[in-house]
Amino acid sequence: MSNAPWDEATFIAKLREVGSSFYHDKHPFHVAMNAGRLPPDAIRVWVANRFYYQLNIPIKDAAIVSNCPLRDVRRLWLHRITDHDGTTGDEGGIGAWLRLGDACGLAREELLDTRHVVPGVRFAVDAYVNFTRTQPWPVAISSSLTELFAPDLMAKRIEAFERFYTWVQPAGLEYFKSRVSQARRDSDEGLRLTLTYCNARELQMAAVGALNFKCDLLWAMLDAIHNKCFALRDSTDAGH
């Protein structure tokens, strides 16, 4: 069997196959969300738990930057940290998610102190940060390529919230709207870096594995959130 690198088209096809098969847009929780079947408590559980992921995005990106010896790549990747942290006040993705929480009736203190984060979500997110700290930086970058599939999910999410979850204040949807264009830019950037620096068969296979790992942890997060919502529903039913 040849160990020669895959050509670019083959490599891209293998990466996209991961998303078409395993991206979390197919998870029952997201399917229910986009169909308008989630009650307010379930939306709040999702917002509070997903915020832990948002908090850690700039940390994982800082890990990638710290492991990368190439100045040009570090310069290219640095904007992702300020995209989420902002540079002052409530700028950036974290600030936008705090406003989403407010729009859903969650106080920012509830999000910032992570009191609502379930163990499965915490474990998955921490595993992602550890992955980016310990893997070769090109492989860590390739784990971000779930962004290839994010714009379509964001568009469906915006449509679902505007149609079914009108109790959420419209200003809270800012994060989703900004990520439609940001994710396209970021995925183009991440894909080009992956194609350039995962240039041996071993690194290419590791990149596909990293994307699989990222899809698995996003799915595991939704499993944990879904289970929490069922527990809330069962406890409410038992009280009636």
Show me, pair by pair, the donor-acceptor contacts under 3.5 angstrom made by side chains of residues 217-225, not counting sequence neighbours?
unit_1 : atom_1 : unit_2 : atom_2 : d
D223   : OD1    : H27    : NE2    : 2.7

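- Residue M205 is grouped with residue F22 when hydrophobic side chains (ILVMFWY) are merged at heavy-atom distances under 4.5 angstrom, including chains of intermediate members.
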Evaluate side chain to side chain donor-acceptor pair (under 3.5 Å) for H116 paired with R44, printing each intermediate quantity in order. CA-CA 10 Å; H116 299 301; R44 293 187 187 101; over 6 Å; no
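- The shortest non-hydrogen separation linking H24 to H30 is O-ND1, 2.9 Å.
- When only modelled atom types and interatomic distance are considered, H79 and Q182 share no side-chain donor-acceptor pair under 3.5 Å.
- Between P151 and R184 the shortest heavy-atom distance is CG-CG, 3.6 Å.
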Using side-chain contact (heavy atoms from CB on, under 4.5 Å), reason through Y197 and V73 one step at a time and then give a plain yes or no. CA-CA 10 Å; Y197 294 102; V73 174; 3.8 Å; yes
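- Side chains of L98 and D102 form no contact here, defined as non-hydrogen atoms less than 4.5 Å apart.
- The cationic group of R80 lies under 6.0 Å from the six-membered ring centre of W77 and within 45° of the ring axis, placing it in a cation-pi geometry.
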For a salt bridge (Lys or Arg N to Asp or Glu O under 4.0 Å) check, start with the C-alpha distance between R157 and E162, then their side-chain angles and the critical distance, and finish with the verdict. CA-CA 9 Å; R157 185 176 293 160; E162 290 179 340; over 6 Å; no
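- In this structure, V18 and Y23 have side chains that are not in contact, with every pair of non-hydrogen atoms separated by 4.5 Å or more.
- Between R71 and R74, some side-chain heavy-atom pair lies under the 4.5 Å cut-off.
- Side-chain contact of T87 with E91: a donor-acceptor pair under 3.5 Å is present, judged by distance alone.
- Put simply, CE on M154 and OG on S181 are 11.0 Å apart, with the number rounded to the nearest 0.5 Å.
- Closest non-hydrogen pair, A207 versus T194, comes out as CB-CG2, 4.2 Å.
- Between N34 atom CG and D25 atom CG the span is 8.5 Å, to the nearest 0.5 Å.
- Annotation: cation-pi pair R122/Y52 present, NZ/CZ under 6.0 Å from the ring centroid and within 45° of its normal.
- Annotation: the span from S144 atom OG to E189 atom CD amounts to 8.5 Å, rounded to 0.5 Å.
- Ring pair W6/F11 is tilted by interplanar angle, where 30° to 60° counts as tilted.
- When the shell of 6.0 Å around NZ of K60 is examined, it contains more than 12 heavy atoms from other residues, nucleotides or ligands.
- Side-chain atoms of S142 come within 3.5 Å of backbone atoms of V139 as a donor-acceptor pair (strictly under, hydrogens ignored).
- Looking at D61 and I57, their side chains come closer than 4.5 Å, going by heavy atoms from C-beta outward.
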Test log, rule side-chain contact (heavy atoms from CB on, under 4.5 Å), inputs C215 and T146: CA-CA 7 Å; C215 285; T146 46; 4.0 Å; yes
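- Two residues are said to be in side-chain contact when any heavy atoms from C-beta on lie closer than 4.5 Å; W137 and L70 meet this criterion.
- A donor-acceptor pair under 3.5 Å links the side-chain atoms of N49 to the main chain of V118, judged by distance alone.
- Here the CG-CE distance, from L153 to M33, works out to 8.5 Å after rounding to the nearest 0.5 Å.
- In this structure, L148 and S187 approach most closely via the heavy-atom pair N-CB, 3.6 Å.
- Looking at heavy atoms from C-beta onward, D186 lies in side-chain contact with R179 at the 4.5 angstrom threshold.
- Note on R192 versus E8: salt bridge recorded, some NZ/NE/NH1/NH2 to OD/OE distance being below 4.0 Å.
- The hydrophobic clustering, which links ILVMFWY residues whose side-chain heavy atoms are closer than 4.5 Å, places L76 and L195 apart.
- If you take CD on E147 and CG on L211, they are separated by 10.5 Å, rounding to the nearest 0.5 Å.
- D85 and T82 share no donor-acceptor pair across their side chains, judged by distance under 3.5 Å alone.
- Hydrophobic clustering (ILVMFWY, side-chain heavy atoms < 4.5 Å, transitive): L106 and L112 are in one cluster.
- Under the 4.5 Å side-chain criterion, counting only non-hydrogen atoms from C-beta, R75 is not in contact with V65.
- Y53 and Y128 have parallel rings, their planes meeting at less than 30° on a 0 to 90° scale where 60° marks the start of perpendicular.
- For R115, the CZ atom is densely surrounded, since the number of other residues' heavy atoms within 6.0 Å is greater than 12.
- Under the 4.5 Å side-chain contact rule for hydrophobic residues, V31 and L38 do not share a cluster.
- I12 and L193 are not part of a single hydrophobic cluster, where members link through side-chain heavy atoms under 4.5 Å apart.
- Contact detail for S143 and T132: the closest heavy-atom pair is OG-CG2, 4.3 Å.
- Panel note: side chain N56, backbone I59; no donor-acceptor pair is recorded below 3.5 Å.
- Pairing each heavy atom of L111 with each of A48, the nearest pair is CD2-CA, 3.5 Å.
- Taking CG of D83 as the start and CD1 of I94 as the end, the distance is 11.0 Å to the nearest 0.5 Å.
- Using cut-offs of 30° and 60° for the angle between ring planes, the F131 and F213 rings count as parallel.
- Taking the six-membered ring where tryptophan is involved, the planes of Y165 and W167 are perpendicular, since the angle between them exceeds 60° and thus also 30°.
- Ring-plane geometry between W97 and Y175 is classed as perpendicular, the angle between the planes exceeding 60 degrees on a 0 to 90 degree scale with a lower cut at 30.
- A 4.5 Å side-chain heavy-atom check between L15 and L191 finds at least one atom pair inside the cut-off.
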